[in-house]
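Residue numbering restarts at 1 for every chain, and letters A, B, ... go by the order of the sequence lines.
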Amino acid sequence: GAVVSQHPSRVICKSGTSVKIECRSLDFQATTMFWYRQFPKQSLMLMATSNEGSKATYEQGVEKDKFLINHASLTLSTLTVTSAHPEDSSFYICSAAGTITDTQYFGPGTRLTVL
Amino acid sequence: RKEVEQDPGPFNVPEGATVAFNCTYSNSASQSFFWYRQDCRKEPKLLMSVYSSGNEDGRFTAQLNRASQYISLLIRDSKLSDSATYLCVVIDNFNKFYFGSGTKLNVKP
């Protein structure tokens, strides 16, 4: 099956710093990448959908200036959490799909802890 | 009403049991359906797609009932390793993905 990697897998940072998370599709071209957040014992919450070369589409309630998404190539998307605060601590998961209706393949996730 | 709804469980079953989960969706024009499995603190992994004609993969059977707007997942001969949370995913007619909140399964010895 398709492989998606995420880096870093775990990050601990101080409040006010920015954190960048990378999502890569290793063996296929991902036209669309999705970013999710999952709080403990809760379901995945879609944050934004990004298509290569265009601006991301953010879900209602997600601040686009706080969660910067860049999808510069067909194999790489990045999520930058700017000025992170403790309430941003969560499990961030990306997924990639060949087209918007294709199966989503998930990265292993990044556990962010903001102190 | 939520777009996709699942019974959160947990379903506690003994090894060898047969267990079934349902997932209801609200948009009758939804196009594609999937079951994902998520282990604790890990990312979801695709278990199987759900086709109109139903599909089977070993001990797992997925079915779609468009008239009643639900999909189901049947697991036969449960193994301890089947313990996980099972998420249903529905893609609507606008190509938007919706995840259910998941059904937790505990298979006990």
Pairwise distance CZ(B:Phe99) to CZ(A:Phe34) - rounded to 0.5 angstrom:
8.5 Å
Is there a path from B:Val89 to B:Leu46 through hydrophobic residues (I, L, V, M, F, W, Y) whose side chains come within less than 4.5 Å of each other?
yes
Quick one: of B:Glu43, B:Lys104, B:Lys45, who has the most non-hydrogen atom pairs under 4.5 Å with chain A?
B:Glu43
B:Tyr98, part contacting chain A, at a heavy-atom distance under 4.5 Å:
neither
Please test A:Gln38 against B:Gln38 for side chain to side chain donor-acceptor pair (under 3.5 Å), starting from the C-alpha separation and ending with a verdict.
CA-CA 12 Å; A:Gln38 188 175 35; B:Gln38 186 174 26; 2.8 Å; yes
Going only through I, L, V, M, F, W and Y residues with side-chain contacts under 4.5 Å, is there a path from B:Leu74 to B:Tyr86?
no
Spatial distance of atom CG (A:Leu44) from atom CZ (B:Phe97) [nearest 0.5 Å]
12.5 Å
Any heavy-atom pair between the side chains of A:Gln104 and B:Phe34 that's under 4.5 Å?
no
If you tally heavy-atom pairs under 4.5 Å against chain A, which of B:Pro44, B:Ser101, B:Gly102 wins?
B:Pro44
Whether over 12 other heavy atoms sit under 6.0 Å from A:Met45 CE:
no
Counting heavy atoms not belonging to A:Lys66, are there more than 12 under 6.0 Å from its NZ?
yes
Using non-hydrogen atoms and a 4.5 Å limit, figure out which bit of A:Phe106 sits close to chain B: side chain, backbone, both or neither.
both
Please tell me whether B:Leu87 and A:Phe91 are part of a single hydrophobic cluster in this structure, the criterion being side-chain heavy atoms less than 4.5 Å apart.
yes
Is B:Val50 linked to B:Ile91 within one hydrophobic cluster, defined over Ile, Leu, Val, Met, Phe, Trp and Tyr using a side-chain heavy-atom separation of less than 4.5 Å?
no
